[in-house]
Amino acid sequence: MRDVLDEVAERWEAGESVGLGTVVATFRSAPRPPGAAMLVTSGGEAVGSVSGGCVEGAVYERATAALDGEPAALQRYGVSDDDAFAVGLTCGGILDVFVERVDQESFPDFDALVKSVRKEEPVAVATVVDHPDPARVGAHLLVWPERTRGGLGESRVDDAVADDARGMLAAGRSGVLEYGPQGQRRGEGMRVFVNAFEPPPRMLVFGAIDFAAAMARIGGFLGYRVTVCDARPVFATRSRFPGVDDVVVDWPHRYLESEAEAGRLDARTAVMVLTHDPKFDVPVLELALRQRVGYVGAMGSRRTHDDRIRRLRENGMTEAELDRLSSPIGLDLGARTPEETAVSIAAELIALRWGGRGNRLTETEGPIHR
C-alpha cells in the first residue's frame, strides 16, 4: 500500500471512501509483489497498480463494487498458458487480490498507520482476507514491535497474529498467514495478510564526488534513504546534493562508527565507498566489513583495488571479511559516465538481493522472477 498511502490518507482524512485492491499473494511470474495496491475513488479515478496492467480492469470493477456496498473479498486472478491471451495475466502468473472499502468507518485506525509510516516507525497491518464468518473479513490489526491497535475479532487471534506479524516485520516481509477460525496455529480456514511497513533501507555513500551524486539519485529512486558523507565541507554541501536525505560533513569511518553505535545499521544497509583515497576509504571499509550490513562496495581501478586489499590485510582483515567486499564496485555493463556507473552499481545491488546473475535474459531459461 506504500505507493498509494498518501492518496488513501488524503481521502480518509476528508471523510471520503476509496475502493482498495491489494496484492496479498503471488505465484509464478506475477509482475507485482505482495503489498502492491490500486485504489479507486468515489469519482472513478484509479491510482496505483496491482499487475502492471493485466488485471487492473477487473480490480477496478471490484473496487467500484466495494464502494457501492459490496463486502470485502479475496479474488484470484490467473490463467493457464493456453488461456493467457483470453483473460487475466498474459505472463501466466497468478495474483490473489483483496478488495475492500477503506474509510473512517471501515478502518478507524488508518491514521495511526499513516503517522507511523511517515515517522519511519516499523509497523505492520494485519487484515483478515478469508474466514468462514464473512463478518470477520476485512478486520484490521495494527502491530508495532511493542504494542497493537485494533482487532481481528478475538483476543486469541490477535495474540497469535501479533506474534507472527512482529517476526515478519523484523524481516521486512509481507505475506499471508493461515490459522484455524479461532486462531489455532495448526488449523485452516482463516487467512490473514500481513503488510509490513518497515523503514526504508539506508544507502551510505562516502565521497562527495560526481559519481556519488548520480548514485544518490538512483538510490532514492530505488527507495533507499540516502546519506552522502565526506570530510571536506567544500564538497559535502546541499547545493551539490539537493535531493539527498542527509549530507554529512565528517570523516567517513567516524560517521559510520557513530551510526553503528546508535544501532542504525542493519542487513538492508548498503555502504558505498567512492573516495579513491586510502586515508578515507581504508578505515571506513575496515569498519564496514565488520558490521552486519547487506552490501559493501568500493570504487577504483584494479591497481587501486589491489593496493586497498593489501592495506586492509595489513590492518588484520581476514579473508572471510574481505570476501564481503564488492570491488571494483558494480556489474560489467561497460559504464563510462557517472550515471551509467550508478546504474551498474544499482544492478549489482538488485542482483545480490534477489539472487540474479547479471546475464542477459535472452541467454537464460526458466522463471524470470525468483
Side-chain angles (χ1 to χ4, degrees), residues 2-3 26 28-36 49 52 91 93 171-173 198-229 241 243-245 252 265-276 281 284-285 288-289 291-306 308-309 322-370:
R2 190 185 293 272
D3 291 344
T26 65
R28 299 172 67 185
S29 298
R32 298 295 312 275
S49 172
C91 60
R173 183 171 63 88
E198 74 281 7
R202 300 190 66 194
M203 178 180 289
L204 307 182
V205 182
F206 295 102
I209 61 175
D210 50 355
F211 287 90
M215 193 67 244
R217 289 194 296 273
I218 199 167
F221 176 75
L222 292 176
Y224 285 88
R225 180 179 180 88
V226 181
T227 298
V228 173
C229 174
F241 299 94
V244 173
D245 296 290
L265 305 180
D266 60 29
R268 301 180 303 144
T269 303
V271 176
M272 299 172 183
V273 179
L274 312 181
T275 49
H276 292 88
D281 59 18
V284 73
L285 283 172
L289 291 170
Q291 299 299 316
R292 194 176 66 90
V293 297
Y295 176 89
V296 182
M299 180 179 287
S301 65
R302 300 289 183 185
R303 178 179 298 179
T304 299
H305 168 75
D306 291 341
R308 183 187 293 133
I309 293 296
L322 292 174
D323 285 344
R324 297 186 58 215
L325 177 61
S326 294
S327 174
I329 197 170
L331 296 185
D332 181 13
L333 303 184
R336 294 291 186 272
T337 67
E339 290 74 19
E340 291 175 345
T341 302
V343 170
S344 78
I345 299 171
E348 183 178 40
L349 271 176
I350 295 168
L352 290 174
R353 179 180 180 183
W354 298 110
R357 296 183 296 274
N359 300 327
R360 297 182 66 196
L361 288 174
T362 57
E363 299 171 353
T364 65
E365 297 180 354
I368 295 175
H369 303 289
R370 291 174 175 81

Close side-chain approach of Tyr295 to Glu348, heavy-atom, < 4.5 Å =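 When only atoms from C-beta onward are counted, Glu348 and Tyr295 do touch, with a gap below 4.5 Å.
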
Which atom pair, heavy atoms only, marks the closest approach of [X] to [Y]?
X: Gly220; Y: Val226; value: N-CG2, 3.7 Å
X: Val271; Y: Ala288; value: CG1-CB, 4.1 Å
X: Thr26; Y: Pro34; value: CG2-CD, 4.1 Å
X: Ser49; Y: Ala36; value: O-CB, 3.8 Å
X: Leu331; Y: Gly358; value: CD1-CA, 4.2 Å
X: Gln291; Y: Arg324; value: O-NH1, 3.1 Å

Out of curiosity, Cys229 SG to Met272 CE, how far, rounded to the nearest 0.5 Å?
->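 Reported to 0.5 Å precision, the distance equals 15.0 Å.
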
For Asp245, which residues count as a side-chain hydrogen bond (donor to acceptor under 3.5 Å, both in side chains) partner, sequence neighbours excluded?
->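 Here no residue qualifies.
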
For atom CZ of Arg2, decide whether the heavy atoms of other residues, nucleotides or ligands shown that lie under 6.0 angstrom number more than 12.
->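 Count over threshold, so yes.
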
Scan the side chains in residues 199-213 for donor-acceptor partners under 3.5 Å anywhere in the protein, sequence neighbours excluded, and list what turns up.
unit_1	atom_1	unit_2	atom_2	d
Arg202	NH1	Glu259	OE1	2.6
Arg202	NH1	Arg264	O	3.4
Arg202	NH2	Tyr255	OH	3.1
Arg202	NH2	Glu259	OE1	3.3

Just checking, is any N or O donor in the side chain of Thr304 or Ser301 under 3.5 Å from an acceptor N or O on the other one?
->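 The criterion, which ignores hydrogens and geometry beyond distance, is satisfied for Ser301 and Thr304.
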
Quick one: which residue pairs count as a side chain to side chain donor-acceptor pair (under 3.5 Å) with a foot in residues 214-226, not counting sequence neighbours?
->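 Residue pairs with at least one partner in residues 214-226: Glu120-Arg225, Arg217-Glu339, Arg225-Asp246.
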
